[in-house]
Each structure stands twice: as structure tokens, then as C-alpha cells.
Amino acid sequence: MASLQESHPAQQRAPVAEYVAESLRTLPAGSSFSVRVVYTADHAVDSLTPRRPFSHFHAESTYSRRILAFVLQGGCLVAGLEAHEFTTLRIEAQGAQPPQTCVAVDCCIEKLDSSGELAGRMPMARALVAGYLRSLHRYSAALNVPSVGVHVFARAQPEYLFAKSKDNPRKRILGDLDLVKWWQSTLHHALEYGARPAPDQSKLPSVHPVANCIVPGSTMLESPWFFGKDRPS
């Protein structure tokens, strides 16, 4: 079972903890977890993309929030995720045509870490990512956004969120190549899980994920090692 706790601006409802808790319930029975999520308030930031030079009129506003999601077991932190969410409003007009408005949402998963204190071997980090990505459905309902861009920068480090956890012999630390394969498998699982109807929704729009993976320093001959022989590189 999983309990949850959230801290976020009162005027916004973003039930990330609920989605993460629901994902944790897919883990082996007999484990009890709690979820804590902390948000920053939305604040204006620079545009993520360059402006179109030939637009007669262009107005753009981008807002960002930072999210920290932690999973605890018996009062001990066992996994954590840090992400940045960007919401961009664009208004463009060309000549006599009426202005067009669109909203874009981009999520950047910046850090994912475990402490090595999890009791038992189970895919905790994968469940955390799946629950968080599924929570992005909230933008579809609130802003009528047809899709959300998800960006992951996979770089192996002995620790990201939990100081001195690299000294824990029970912590599993992956190298760069193994981490790329782990993220590929995890995102594949998360997209399948995220396409299921949410607990408060009987039906969700069709999901058509498009993924691009860049592995610096690798060659086309090495791509089957990352993606499998039957997948495009």
C-alpha cells in the first residue's frame, strides 16, 4: 500500500503523488510506501525555442515549475525524482489572418536516484517514473494540450539526490551504456502504463509516442545493442 502527501500552491491541483502512489501499487504485495511531492510556484522563464523571424506578430510566455517526488519506506527515503515542467503560451498572427493561440508543455526529468535502502529487490525507480509520467495527463484536462514533450538526459553518476548514497554497498550504480538501456526499457514501460485509463477517467485519448534517442560517441553498428535488432536506430 502507499500513502501520499503533497505540498504545492493552493490555487493549483496537481496530484502527482496520487499517480505515483497508484503506480507503486503494481509492485510486489506486502510492501508499504509513502509518497511526498514538493512543488515550486510557477514563475516566468526565458523561451525554450527561438522566435520565428518572419512572424508579423509574435507573443510568447513561458512558465516553469520544479517538482521533487520522493518515495519512503518505513520513514526512510528510498527513491527520488526531480523534474522541470515548462508551459509555453504562443500567440501568432500573419497578415490579415486572425491570431492563433497554442499551448505547449515540456517536461525535463533532470535527476533520478535511489538510496540503496529499499527492503527487497523490486523496480522502484521504474514505478516512480511511470507514475510521474502518467501524472502529465493533468495538462490534457486543464489546458487541452494534445501532447507533452518528455526529455531525459541520461548520464551515469554515483549519486544525484541522496548525498553519500554512493557509499551504500546495497545501491546499484549503472554505467553510461547500461543506464541508456535502462531508460529505454523504463520509458517503454512507462508509456504502456501511461496509456491506461486513469482512476478518475474511463477513457483517455489515443497515445502515439514518438521517441528520439541520441547516444554520443556511438555508431550505427552499435545501435542494435541499445535498441534491439528489430527497432529503428
Side-chain angles (χ1 to χ4, degrees), residues 6-17 19-20 36-70 80-113 128-157 159-163 176 179-180 183-184 186-187 190-191 194 205 207-217:
E6 284 193 303
S7 175
H8 55 86
Q11 71 274 20
Q12 298 177 1
R13 183 179 184 275
V16 175
Y19 284 96
V20 172
R36 296 181 182 176
V37 179
V38 181
Y39 304 80
T40 63
D42 291 338
H43 58 281
V45 296
D46 293 336
S47 172
L48 298 179
T49 57
R51 297 183 177 183
R52 294 176 57 183
F54 302 110
S55 176
H56 293 284
F57 174 79
H58 180 110
E60 180 172 295
S61 299
T62 302
Y63 294 89
S64 171
R65 71 166 59 173
R66 185 186 296 268
I67 292 181
L68 283 170
F70 293 104
L81 177 150
E82 180 180 352
H84 253 121
E85 296 178 0
F86 299 90
T87 303
T88 301
L89 171 65
R90 298 186 181 94
I91 303 176
E92 293 188 358
Q94 294 280 356
Q97 299 179 0
Q100 295 183 345
T101 302
C102 66
V103 179
V105 177
D106 291 276
C107 164
C108 301
I109 300 179
E110 297 184 345
K111 297 176 183 177
L112 180 69
D113 201 3
L128 173 58
V129 171
Y132 171 70
L133 292 185
R134 195 178 189 188
S135 77
L136 297 175
H137 284 305
R138 65 190 185 275
Y139 284 106
S140 177
L143 301 177
N144 194 28
V145 176
S147 64
V148 175
V150 177
H151 309 269
V152 175
F153 180 71
R155 181 183 179 185
Q157 293 286 349
E159 59 188 28
Y160 270 110
L161 294 173
F162 303 116
D176 285 322
L179 184 62
V180 171
W183 267 113
Q184 183 206 13
T186 295
L187 291 175
L191 290 172
V207 177
H208 301 285
V210 177
N212 297 281
C213 182
I214 301 174
V215 184

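Any value given below was found using the heavy atoms of this structure, including those in side chains, with hydrogens, waters and symmetry copies removed.
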Stepwise side chain to side chain contact (heavy atoms under 4.5 Å, CB included) test for Val20 and Val37: CA-CA 10 Å; Val20 172; Val37 179; 5.5 Å; no

Nearest-0.5 Å distance, [atom1] of residue [X] to [atom2] of residue [Y]:
X      : Y      : atom1 : atom2 : value
Leu187 : Ile109 : CG    : CD1   : 7.0 Å
Cys102 : Leu89  : SG    : CG    : 7.5 Å
Asp176 : Arg155 : CG    : CZ    : 8.0 Å
Cys108 : Arg66  : SG    : CZ    : 10.5 Å
Thr101 : Ile91  : OG1   : CD1   : 4.5 Å
Thr40  : Ile67  : OG1   : CD1   : 8.0 Å

Over all heavy atoms of both residues, which pair between [X] and [Y] is shortest? Give the atoms and the distance, please.
X      : Y      : answer
Ala83  : Cys107 : CB-SG, 4.4 Å
Val45  : Ser64  : CG1-CB, 3.8 Å
Arg138 : Val16  : NH1-CG2, 3.7 Å

Evaluate the side-chain proximity of [Y] to [X]: yes if any heavy-atom separation is below 4.5 Å, no if none is.
X      : Y      : value
Lys111 : Gln157 : no
Glu85  : Leu136 : yes
Leu133 : Leu191 : no
Tyr139 : Val103 : no
Asp46  : Thr62  : no

- line: With Val105 as partner, the option from Val150, Thr88, Thr87 fulfilling side-chain contact (heavy atoms from CB on, under 4.5 Å) is Thr87

field: Pair Glu82, Tyr160: side-chain N/O donor-acceptor within cut-off below 3.5 Å
entry: no

query: Ser135 side chain to Tyr132 main-chain N or O, any donor-acceptor pair under 3.5 Å?
result: yes

- request: Taking Asp106 for its side chain and Phe86 for its backbone only, find out whether a donor-acceptor pair lies under 3.5 Å.
  value: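 The answer is no, because no donor-acceptor pair under 3.5 Å joins these two groups.
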
